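In what follows, every chain begins at residue 1, and chains take the letters A, B, ... in the order their sequences are listed. Here the structure is a predicted model, which means the values were calculated and not measured.
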Amino acid sequence: MTEHVWKTESSRPTGGQLITMETAPTQTRTDLTELREDFASLRDQTRLLHHDTTNGHQRVRRADIDQRAAEHGRRPLPEVLEDISAYGFSWREIARALGVSVPALRKWRLGEPATPKNRTRAGRLLAVCEYLTQNVPIIDDVASWFELPLVPDPAVTPLDLYADDREDLVLDYGEQQEPDPAAVLDRYDPDWRDRRSNFEVIVADDGLPTIQRRP
Amino acid sequence: VTKPALESPDDPQDLYLARGDDIPTWRPVNTGDVFAGVPLTIGGERAGRAMVLTHPCTMRTDGVRLVDRLLMAPVEPADPLPMWRGHYARMPLPELEPGQGHAADFDRIEPVASEALDPAARLAAMQPVGINLLLQQLVHYLTRVVIETSQFNVACGAGVAEVDLIEEWLEESLDGGADLDEAAVACHTWLRSIPEGSQASPQRRLNEPQQRAAVRREARAQVRAWLDA
């Protein structure tokens, strides 16, 4: 019977070193035990490294967005709202993202004062849009990206996440730190799979959407 | 075993896009709108409150003009809270007016001449969540079939986006001193046109969620160009 030997460039393998598997006629149990421990140690180190780099990245990201939001918070609110709108959001969506009513938003656009909290929220939404546009090449149309469901059913969108105060999930998904939409939804709502429907929307032969039972 | 068949809002305020004077008079009529002074006939002729039930996709003949008659349900004062459970012939309308709940009555649905609806007498316009809940209630009332509101949300998404876009076009036009009817026709003409080099009209592209932001940006540029011309 052929046995396998893990050969490395040194006796203590690291992630950056070439690891090859060769066949050899013999292999002692002690060697295998040491190798298993080496790889377990490496695995733990990379896990910690991943954790540290993820945290570091998130802190830098938060600082970047905080800084942008603070700058926008000092600008006239109608200008900030126009800049958000220019990405292609509807006023209704902007109001939803900010957690305010459409009539309140209309009054602010016309120059009526808003509370500092709402000015901050508007500045922050613009900051998030800017950040994603400038730092995530795959998002070439940020307003469109906000409207696109993560999975077909239930059709939860990044805008839904943002309106529910989950900016963290929006950014993790946008930056592909969490590229799996199902994993993002698990963090948002562990029961999301239970909300899938037995119905689906199709385009009928008159060109309009129709709801039908799934085949 | 019994359980609630239909969904209800987390917060009753979530139902409404705007109420009373906060509704722009130029906002197109949409499903779920509640009007005062509607000429009703069932139970005796009178002018009362009523809610539009006609589906967004079928309420306009050519995209601009409303069909001659809209299906409407009378709206009466009621305690709406218990109605989210088991009162399936009613659409609860909490806080339709300050401190006063109402409900739309599906047992007395009737067609109403659309020209009789006064834009200045609109009491409420619905958020998508309100429209979705209304359609769920109505479909269940008519068929005893329960369809999740998430499906209505997908099916009505393009219609909602179009109403929002028309409202914004008209607002911008009015701010620019344009005539409302001319602006409505210009908006509709653009929505249905197929630009050179494109495969679909802006109206058709609204069916695709990923296209809606681009259509809005184009609409904003178009209305400015139309006003400049």
Engaged part of [X] at the chain A interface, taking heavy atoms whose separation is under 4.5 Å:
X        : value
B:Asp22  : both
B:Val163 : neither
B:Gln127 : side chain
B:Val215 : neither
B:Phe152 : both

In terms of heavy-atom proximity below 4.5 Å to chain B, should [X] be classed as side chain, backbone, both, or neither?
X        : value
A:Phe146 : neither
A:Ala95  : neither
A:Asn198 : backbone
A:Ser85  : both

Those residues that, when tested against B:Tyr141, pass ring pair (Phe, Tyr, Trp, His ring centres under 6.0 Å) (two or more places apart)
B:Phe106

Closest heavy-atom contact between A:Arg92 and B:Pro128?
NH1-CG, 3.5 Å

With sequence neighbours left out, the residues meeting side-chain contact (heavy atoms from CB on, under 4.5 Å) with B:Asp21 are none

Closest-packed option against chain B by number of heavy-atom pairs under 4.5 Å, given A:Arg195, A:Arg96, A:Arg109, A:Arg213
A:Arg109

If we define contacts as heavy-atom pairs under 4.5 Å, which of A:Glu200, A:Glu147, A:Glu93, A:Lys107 has the most with chain B?
A:Glu147

Check this for me: does any side-chain nitrogen of one of A:Asp165 and A:Arg121 sit under 4.0 Å from a carboxylate oxygen of the other?
yes

Sub-4.5 Å heavy-atom contacts with chain A: which residues of residues 167-178 of chain B show up?
B:Glu167, B:Glu168, B:Glu171

Filtered by a 4.5 Å non-hydrogen cutoff, the part of residues 28-35 of chain B contacting chain A is none

Here's a test for you: under side-chain hydrogen bond (donor to acceptor under 3.5 Å, both in side chains), which of B:Gln210, B:Arg217, B:Gln211 qualifies with A:Asp141?
B:Arg217

Distance only, no hydrogens: is a donor on one side chain within 3.5 Å (strictly under) of an acceptor on the other, for A:Asp160 and A:Thr157?
yes

